[in-house]
Amino acid sequence: RVHPSFRIIATAEPAAEERAAALAGAAGWLNDEVLPLFTWIRLVPPSDSELAQMLRLSDCAPAALPTLRALLGYRAALEGAASAEPSLRGAVPSQRQLLRAADLLRRRPDDTAGALRRATGAALLTVPPAARETAHALLVTAAREAGVSTSAVPPRPGMGDGLGGDRVGG
C-alpha cells in the first residue's frame, strides 16, 4: 500500500521547438493521456527589486555595490536583447550565478573581476560567437554605467585566451 501522503513532484520545461509549437497551437509535448496527471504552476521570474532583495544588497560593503548593480544591469540588458536575438538567452546569468557573485563580494568586496567572471564566464562560453560578442559588449556597457572600471571586465571568452571556443590559426 502507498501512504496517503505520498507525493511525487516533477518539474519540466519543454524544448524550445516544442514550446514554439505549443504557442502556435500545435499539440503539446505531453499527450492527452499523461497531461491530467500534472498540475501546472507557472513561475514568474522575480522582478528587479525582488532580485536585489535576494542578493541582499543592503548587506554588502559599499565597494561591492557597483559590481552588483553592473551584474543586474547586464542581466536586464541581456533579457531585453534576447527578444531580438534568441541566442543570447544562454548568456543571461542565472539567479544562482548572481547569488554566488554576491556571496563572493561579501567575502571579498574588492574582487570585482572575480565576481564578474563568476557570474558570466561559463554562460559566455555556451553561446555562439556573434552572441558572445554582443553579450560581452553589453557587459562592458553595464559595468561602465554602474561605475565599474572596464578593466575589471573579463576578456571575451574564446578569443585565444585558453577558455576554448573560436581559435584562430589552429
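Every heavy atom of this structure was used, including side-chain atoms; hydrogens, water molecules and symmetry mates were not.
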Linking I/L/V/M/F/W/Y whenever their side-chain heavy atoms sit closer than 4.5 Å, directly or via other members, would V127 and L125 fall into one cluster? no
I'd like to know if L72 and L124 are part of one continuous hydrophobic network [Ile/Leu/Val/Met/Phe/Trp/Tyr, side-chain heavy atoms within less than 4.5 Å]. yes
[X] side chain near [Y] side chain, heavy-atom distance below 4.5 Å:
X	Y	result
L65	P109	no
T112	S149	no
Q95	M54	yes
P45	L51	no

Looking at [Y], is its backbone amide N or carbonyl O close enough to the side chain of [X] to form a donor-acceptor pair, meaning the two atoms are under 3.5 Å apart?
X	Y	result
S83	E79	no
H136	V153	no
Q97	S94	yes

Heavy atoms only: give me the nearest [X]-[Y] pair and the separation to one decimal.
X	Y	value
T126	G90	OG1-O, 3.9 Å
A142	Y74	CB-N, 3.5 Å
T67	A115	CG2-CB, 4.0 Å
A119	A101	CB-CB, 4.0 Å

Step by step, work out the side chain to side chain contact (heavy atoms under 4.5 Å, CB included) result for R144 and V148. CA-CA 6 Å; R144 189 177 301 120; V148 173; over 6 Å; no
Which of these, R100, R106, R107, sits in a side chain to side chain donor-acceptor pair (under 3.5 Å) with D103? R107
Let me know which of T150, L78, L116 forms a side chain to side chain contact (heavy atoms under 4.5 Å, CB included) with L139. L116
Taking CZ in R96 as the centre, count heavy atoms belonging to other residues, nucleotides or ligands within less than 6.0 Å. Is the count above 12? no
From [X] atom [atom1] to [Y] atom [atom2], the distance as rounded to the nearest 0.5 Å:
X	Y	atom1	atom2	result
T120	L98	OG1	CG	10.0 Å
R117	L104	CZ	CG	9.0 Å
R75	D48	CZ	CG	8.5 Å

side-chain hydrogen bond (donor to acceptor under 3.5 Å, both in side chains) with S49: which residues, sequence neighbours excluded? S47
